[in-house]
Chemist: 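Below is one structure. I have some questions about it.
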Amino acid sequence: MDTLFGITGKDFVITAYDSKAVASITLMKIGEDKSRELNPHTLMLFSGEPGDGVHFSEYIERNIKLYGIRNGMELSPRAVSSFARRELADSLRSRKPYSVNLLIAGYDTKTSTPALYWLDHLASLAEVPFAAHGYGAYYCLSLLDRYHRPDISEEEGIKLMQKCIGELRSRMILNMPDFVAKIVSKDGIRIVQI
């Protein structure tokens, strides 16, 4: 039932996620944080089984921060996504695999480029210009495909996110409460109003 979106622009990545926590057909909570700030320029969004999502995201968050403390440098978004993919792949081969889907958004300060990585529960990894997870992907990937451009501005990216959310609210049978949007750029991570 979770919905995650991400769009890369010329010098930023904008992400959005629904802030609801559900169990089967019951809405348990509104205001759920489905993101983790891994370092000043990398953000991870997660969806899937509630326990798995929180446990796996906290594990990745703490290991990335530990690496930064030990080595005095932050990992690039590519390195973070490779680490997360490896951990998902290892858990897939265990008796209790994580059922988690991820979007990792970041800004590489060395190359001055934004990056968005799509990971699924089978440990598939792809760098993509736009991405979506959950039921919302069925409705919004066509919008993202039609309106996304590599040189899209922040304002246009926010409007495209608003189109996606409007499409979900008008076409999905489920009630789609508030969405939280965050932008990752050279200035770091910040929340934007959608």
Side-chain angles (χ1 to χ4, degrees), residues 2-19 33-47 57 60-61 64 68 73-85 100-120 124-172 176-194:
D2 301 325
T3 301
L4 312 174
F5 300 110
I7 301 171
T8 57
K10 58 184 175 185
D11 57 356
F12 68 93
V13 179
I14 183 170
T15 62
Y17 60 89
D18 66 306
S19 61
D33 187 10
K34 297 179 184 173
S35 68
R36 296 285 185 267
E37 293 184 15
L38 304 178
N39 60 41
H41 295 96
T42 308
L43 178 71
M44 180 173 68
L45 276 59
F46 59 92
S47 69
S57 64
I60 297 295
E61 176 186 22
I64 297 300
M73 61 180 278
E74 67 181 55
L75 287 173
S76 69
R78 182 181 180 100
V80 169
S81 63
S82 294
F83 175 71
R85 186 224 167 267
V100 180
N101 298 311
L102 305 172
L103 291 181
I104 297 176
Y107 185 85
D108 192 342
T109 55
K110 290 181 183 170
T111 61
S112 299
T113 56
L116 178 65
Y117 295 91
W118 179 93
L119 286 93
D120 70 356
S124 300
L125 172 66
E127 184 175 2
V128 291
F130 56 85
H133 273 300
Y135 286 123
Y138 295 118
Y139 300 98
C140 294
L141 281 176
S142 60
L143 282 173
L144 294 172
D145 186 48
R146 179 177 175 111
Y147 294 110
H148 179 267
R149 299 184 326 270
D151 63 339
I152 196 167
S153 69
E154 268 187 36
E155 183 179 311
E156 292 171 323
I158 290 170
K159 286 182 182 177
L160 182 52
M161 281 291 179
Q162 289 170 341
K163 275 186 187 182
C164 290
I165 292 168
E167 188 74 12
L168 288 177
R169 288 184 175 148
S170 67
R171 294 188 62 203
M172 263 184 98
M176 296 307 286
D178 296 334
F179 279 79
V180 177
K182 295 184 179 184
I183 291 182
V184 184
S185 66
K186 65 181 176 188
D187 301 323
I189 300 169
R190 69 183 193 280
I191 296 175
V192 293
Q193 195 68 24
I194 293 234

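Residue indices begin at 1 and follow the sequence shown.
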Chemist: For the backbone of D2 and the side chain of H133, can you confirm whether one donor and one acceptor N or O come within less than 3.5 Å of each other?
Modeler: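 Absent.
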Chemist: Any side-chain heavy-atom pair from Q162 and I194 closer than 4.5 angstrom?
Modeler: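 A side-chain contact exists here, since the closest heavy-atom pair is under 4.5 Å.
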Chemist: Are F46 and S35 packed together at the side-chain level, in the sense that at least one heavy-atom pair is separated by less than 4.5 angstrom?
Modeler: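 In short, these two side chains do not touch, never coming nearer than 4.5 Å.
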Chemist: Taking C-beta and beyond as the side chain, do N101 and W118 meet within less than 4.5 Å on heavy atoms?
Modeler: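 The answer is no; the side chains never approach within 4.5 Å.
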Chemist: Donor-acceptor pair, distance only, cut-off 3.5 Å: does the side chain of D108 make one with the backbone of S76?
Modeler: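 Judged by distance alone, no pair lies under 3.5 Å.
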Chemist: Of F179, Y135, Y138, which meets side chain to side chain contact (heavy atoms under 4.5 Å, CB included) against L168?
Modeler: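 When F179, Y135, Y138 are each tested with L168, the side chain to side chain contact (heavy atoms under 4.5 Å, CB included) holds only for F179.
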Chemist: With heavy-atom distances below 4.5 Å as the criterion, would you say the side chains of I152 and L160 are in contact?
Modeler: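 I152 vs L160: side chains touch.
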Chemist: State plainly whether the residues K159 and E155 are in salt-bridge range, i.e. N to O under 4.0 Å.
Modeler: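 A salt bridge is present here (some side-chain N lies under 4.0 Å from a carboxylate O).
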Chemist: Which residues pass the salt bridge (Lys or Arg N to Asp or Glu O under 4.0 Å) test with E37, sequence neighbours left out?
Modeler: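 Once residues adjacent in sequence are excluded, E37 has no partner under the salt bridge (Lys or Arg N to Asp or Glu O under 4.0 Å) criterion.
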Chemist: Do you know the tightest heavy-atom contact between M161 and A16?
Modeler: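 Here M161 and A16 meet closest at SD-CB, 3.9 Å.
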Chemist: Does a side-chain heavy-atom distance below 4.5 Å link Y117 with L102?
Modeler: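 Not touching, per the 4.5 Å side-chain cut-off.
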Chemist: Could you check if a side-chain atom of L103 sits within less than 4.5 angstrom of a side-chain atom of Y17, using non-hydrogen atoms only?
Modeler: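 Contact flag for L103/Y17 side chains = no.
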Chemist: How close do A115 and E127 get, counting heavy atoms only, and between which atoms?
Modeler: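 Closest pair (atom of A115, atom of E127, distance): CB-OE2, 3.8 Å.
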Chemist: Does the H41 side chain pair with the main chain of P77, one donor and one acceptor, at a distance under 3.5 Å?
Modeler: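 Not confirmed, H41 side chain does not pair with P77 backbone.
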Chemist: Taking the side chain as everything from C-beta on, heavy atoms only, tell me whether V184 gets closer than 4.5 Å to T42.
Modeler: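 No. Closest side-chain heavy atoms not under 4.5 Å.
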Chemist: Distance check, rounded to the nearest 0.5 Å: D120 atom CG versus R85 atom CZ?
Modeler: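 Atom-to-atom, D120:CG and R85:CZ are 10.0 Å apart.
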Chemist: Side-chain contact test, heavy atoms from C-beta onward, threshold under 4.5 Å: evaluate it for I14 versus I158 and give yes or no.
Modeler: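 A side-chain contact exists here, since the closest heavy-atom pair is under 4.5 Å.
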Chemist: With rounding to the nearest 0.5 angstrom, report the CD1 to CG distance, I183 to D11.
Modeler: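 Answer for the CD1-CG pair, I183 versus D11, is 10.0 Å.
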Chemist: Which distance, rounded to the nearest 0.5 Å, do you find between the CD of E74 and the OG1 of T109?
Modeler: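 Going from CD on E74 over to OG1 on T109, the span is 5.0 Å.
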Chemist: What distance do I189 atom CD1 and Y107 atom OH have between them, rounded to the nearest 0.5 Å?
Modeler: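 Separation between the atoms: 14.0 Å.
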Chemist: Rounded to the nearest 0.5 Å, how far does NZ of K110 lie from CZ of R78?
Modeler: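 Nearest 0.5 Å value for the CZ-NZ distance: 13.5 Å.
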Chemist: Output yes when a side-chain donor or acceptor of T3 lies under 3.5 Å from a complementary backbone atom of G134, and no otherwise.
Modeler: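 Between the backbone of G134 and the side chain of T3 there is no qualifying donor-acceptor contact (under 3.5 Å).
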Chemist: Return the SG to OH distance between C164 and Y147, rounded to the nearest 0.5 Å.
Modeler: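 Here the rounded value is 10.5 Å.
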Chemist: Using every non-hydrogen atom in the two residues, find where A132 and L141 come nearest and quote the distance to one decimal.
Modeler: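 That closest heavy-atom pairing would be CB-CD2, 4.0 Å.
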Chemist: Closest heavy-atom contact between N39 and L75?
Modeler: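 What the structure gives for the nearest pair is ND2-O, 3.1 Å.
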Chemist: Can you tell me if S19 uses its side chain to pair, donor with acceptor, with the backbone of D178 under 3.5 Å?
Modeler: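 Answer holds: yes.
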Chemist: Show the numbers, then the answer: is there a side-chain contact (heavy atoms from CB on, under 4.5 Å) between S185 and R190?
Modeler: CA-CA 9 Å; S185 66; R190 69 183 193 280; 3.8 Å; yes
Chemist: Quick one, L43 with T15, criterion side-chain contact (heavy atoms from CB on, under 4.5 Å). Give me CA distance, side-chain angles, the key distance, then yes/no.
Modeler: CA-CA 9 Å; L43 178 71; T15 62; 3.4 Å; yes
Chemist: Looking only at heavy atoms, what is the nearest atom pair of S81 and L125, with distance?
Modeler: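 S81 and L125 have their closest heavy atoms at CB-CD1, 3.9 Å.
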Chemist: For residues F5 and C140, report the shortest heavy-atom separation together with the two atoms involved.
Modeler: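 The answer is CE2-CB, 3.5 Å.
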